[in-house]
Amino acid sequence: MKLYRIAILSILILVTGCMQYHSPARNTWPQYLRGASFTDMTETARIAKRPVFLGAGGKLISSIDTPVAAEYGDKVQNDTTTSINYMANLEYELYDALRKPGISVQRAGTDVVVILVRDAIMELNVGDISADGADTLKTVSKILKKYDATFLEIAGYTDAMASNAANALSLDMAQRVGVYLSRNGINTARMFIVGRGATRPIAAQDDIGRLTNRRVEIRIVPAR
């Protein structure tokens, strides 16, 4: 009987792991994204959002435990050192966990940027997150919950061929990722969600480059 139960449990785990993820109905997205800001994550926007973020249980980099040696000296310098170390550790964990085609992790100063090419996280002919994409975003969610003294900008991009509906398509991708992260325990008060259409291409606008330009970028910034 015990072996039978173990076998049934193993089958259930296997089936659950292979189940296709489906985004919830669009009319429920505001519920999942309540607390998110639909604007660029500028420094001014982060400062304005900080009271909301803290009120929703967020924390700042300055609250992170630091070595005893860092308790002495200039507070700004100590906070900067803490931010650099904190974000470096975040980058390493994301890099190690996301070694997949179409996924990359980059550093920009103290910021960390996760680039998710559309075809690596979404169905090829359907505007929804794929099983592989859900697996990737689940990993991202787990790490972001650990490094929660951060703000997140989730930005969607299309290629130049989708110019007529570029903004709507890119915002749709960004919102789907935001909804997934919200459903997996990420505080929406950390989020800034935008659709930037065909702006800021990162590859040539040829057949291969367009596949790369269709993407979602998650920019992670230390919360100060």
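When reading the values below, keep in mind they use all heavy atoms of this one structure, side chains included, and skip hydrogens, waters and symmetry mates.
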Tell me whether I186 is reachable from F38 by hopping between hydrophobic residues (I, L, V, M, F, W, Y) whose side-chain heavy atoms are closer than 4.5 Å. yes

Between L98 and L152, is there shared hydrophobic-cluster membership here, with clusters defined by ILVMFWY side-chain heavy atoms closer than 4.5 Å? yes

Quick check against the 3.5 Å criterion: does Y86 have a side-chain atom that pairs as donor or acceptor with the backbone of A149? yes

Which atom pair, heavy atoms only, marks the closest approach of [X] to [Y]?
| X | Y | result |
| --- | --- | --- |
| R176 | I129 | O-CD1, 3.6 Å |
| R46 | M41 | NH1-O, 3.3 Å |
| P222 | T150 | CA-CG2, 4.2 Å |
| N89 | Y147 | CB-OH, 3.4 Å |
| E93 | I143 | O-CD1, 3.6 Å |

Measure the shortest side-chain to side-chain distance between [X] and [Y] over non-hydrogen atoms and say whether it is less than 4.5 angstrom.
| X | Y | value |
| --- | --- | --- |
| D172 | R26 | yes |
| L116 | I218 | yes |
| S130 | Y21 | no |
| R224 | S83 | yes |
| V216 | I154 | yes |
| T39 | I193 | no |
| R215 | I202 | yes |
| I121 | V177 | yes |

Please round to the nearest 0.5 Å and tell me the distance separating atom CG of D128 and atom CE of M122. 6.0 Å

Cation-pi, Y157 ring and R214 (6.0 angstrom, 45 degrees): no

Taking atom types as modelled and ignoring hydrogens, do the side chains of E91 and Q106 form a donor-acceptor contact shorter than 3.5 angstrom? no

Lys/Arg N to Asp/Glu carboxylate O, [X] vs [Y], below 4.0 Å:
| X | Y | value |
| --- | --- | --- |
| E153 | R190 | no |
| R99 | D96 | yes |
| D132 | K100 | no |

Parallel, tilted or perpendicular, judged at 30° and 60°: which one describes the rings of F151 and F192? perpendicular

Hey, mind stepping through I220 and D111 against side chain to side chain contact (heavy atoms under 4.5 Å, CB included) and telling me if it holds? CA-CA 6 Å; I220 310 165; D111 300 355; over 6 Å; no

A quick test of your reading: do over 12 heavy atoms of other residues, nucleotides or ligands sit less than 6.0 Å from CD of E43? no

